[in-house]
Asker: 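This is the structure I have questions about; it appears just below.
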Amino acid sequence: MSEGTKAFIKGAKVITPERTSTKPKGYRYPVAEEYFGEDAESRLNELVEQGLMEREFYQRELGCPKCGSINLIVRFYCPKCGSTHIVKGEVIEHWPCGYVGPESEFKDGKCPKCGKPLKKIGVDYSKPGPMFKCMECGEVFQNPADKLNCANCGETFDKGDAKEVILYAYRITPRLEEELDIALAQRSYLIENLTKMGFNIENPENIYGRSGVKHYFYMVASRGTGILKLRIVIEILSAYKEVPVDEVFSLYAKALDVGAYGLIIAAIPKFSEDSKKMMDYYNIAYVEVPSLDSAAEKIIKKLKELMETPTRPLHGTRQLGWSLKK
Ligand SMILES: [Zn+2]
Ligand SMILES: [Zn+2]
Ligand SMILES: [Zn+2]
């Protein structure tokens with residue numbers, strides 16, 4: 001799980017959806033989007049699959065049968081010709097001639113059809129209540145046909161044909177919360193001590209290799225600026241038994257790509273013998289810890305040791321052997 005994901009889960013214990021007309025689907029998870037971007041919902045579902053979050057029913061919505069969007073508009077239609085050009089108003093039924101039309105058409109109290117003046121309600125005319133009139137075909141009706149219109153794809157359909165869309169809320173599990181507490185404590189311990197040692201913690205969003213590829217590391221700390229900038233990559237790898245050499249090697253390649261001067265790797269619980277041989281050869285510093293809760297302390301201790309003695313840079317780096325000492 002990435003650092004961004006951890007920070008996200010920790011920051012928001014319950015993630016709820018919000019309706020919006022600005023997204024094709026018609027809803028979004030605003031808190032999750034800050035971390036995951038556009039595809040926040042699929043990332044949330046991944047976390048559920050990984051057992052890190054729980055999903056629960058939040059709301060039932062009607063969705064477009066074509067595209068699934070819940071961004072629907074109810075539109076009234078003329079039941080005779082299907083036009084949406086209909087107006088609602090009080091209508092008058094003129095009994096002598098049978099004309100039915102909106103009140104506004106009976107100008108000066110006269111029937112627009114037969115021209116006779118209206119006398120008395122209940123004697124020669126009635127007001128059957130609000131009705132609709134189609135401005136296209138002239139039909140007057142009490143109940144317009146209502147259809148749903150998808151604001152996303154434009155599909156028009158009957159309510160009965162709408163698709164059921166269930167919106168979910170996402171909740172962090174207590175067990176995970178405990179694990180995250182440990183992870184965050186480790187992280188702040190590292191940041192605090194690295195800062196004391198004169199390092200800046202780099203923003204993970206800005207770590208690009210010379211190749212142009214974006215790389216993700218547990219932490220990247222640097223000191224100095226310009227060509228004197230020393231970058232240290234810190235990584236924590238965990239394995240069921242031991243961290244294999246190929247995993248260490250790909251990390252080494254990424255560290256070289258970002259021009260790292262030093263690379264420190266912590267393994268939970270340990271490295272394979274091949275990994276250690278490789279790390280010794282390439283000047284990669286490493287520590288082994290039984291669990292995450294002692295990783296940060298060991299890493300700082302190791303880094304301090306390195307700073308006390310003349311240190312060689314990462315083998316293969318273009319940077320030459322400046323001392324880590326201040
Ligand atoms: Zn009509
Ligand atoms: Zn009339
Ligand atoms: Zn649609």
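Note that ligands are numbered from 1 as they come in the structure, with each ligand's atoms numbered from 1 the same way.
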Asker: Please report, to 10°, the angle around the Zn ion (ligand 3) from atom SG (Cys153) across to atom SG (Cys150).
Answerer: 110°
Asker: Is it true that the side chains of Thr156 and Asn149 contain a donor and an acceptor less than 3.5 Å apart?
Answerer: yes
Asker: To the nearest 10 degrees, how large is the angle at the Zn ion (ligand 2) between Cys111 SG and His94 ND1?
Answerer: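 About 100° at the Zn ion (ligand 2).
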Asker: Please calculate the SG(Cys81)-the Zn ion (ligand 1)-SG(Cys78) angle and round it to 10 degrees.
Answerer: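 Vertex the Zn ion (ligand 1), arms to SG of Cys81 and SG of Cys78: 110°.
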Asker: Is the closest basic N to carboxylate O distance between Glu93 and Lys127 below 4.0 Å?
Answerer: no
Asker: State whether a side-chain donor-acceptor pair under 3.5 Å links Ser69 with Asn71.
Answerer: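 No, no side-chain donor-acceptor contact under 3.5 Å.
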Asker: Hey, what's the angle at the Zn ion (ligand 3) spanning SG (Cys64) and SG (Cys67), nearest 10 degrees?
Answerer: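 Cys64 SG and Cys67 SG form an angle of 110° at the Zn ion (ligand 3).
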Asker: Decide whether Tyr170 and Glu56 meet the rule of one side-chain donor and one side-chain acceptor closer than 3.5 Å.
Answerer: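 Note: Tyr170 and Glu56 side chains miss the donor-acceptor criterion.
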Asker: What angle, in degrees and rounded to 10°, do you get at the Zn ion (ligand 1) when you join it to SG of Cys137 and to SG of Cys134?
Answerer: 110°
Asker: The Zn ion (ligand 2) as vertex, arms to SG of Cys114 and SG of Cys97: angle to 10°?
Answerer: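 Rounded to 10°, it measures 120°.
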Asker: Salt-bridge test for Glu105 and Lys110: reply yes if a basic N is under 4.0 Å from a carboxylate O, no otherwise.
Answerer: no
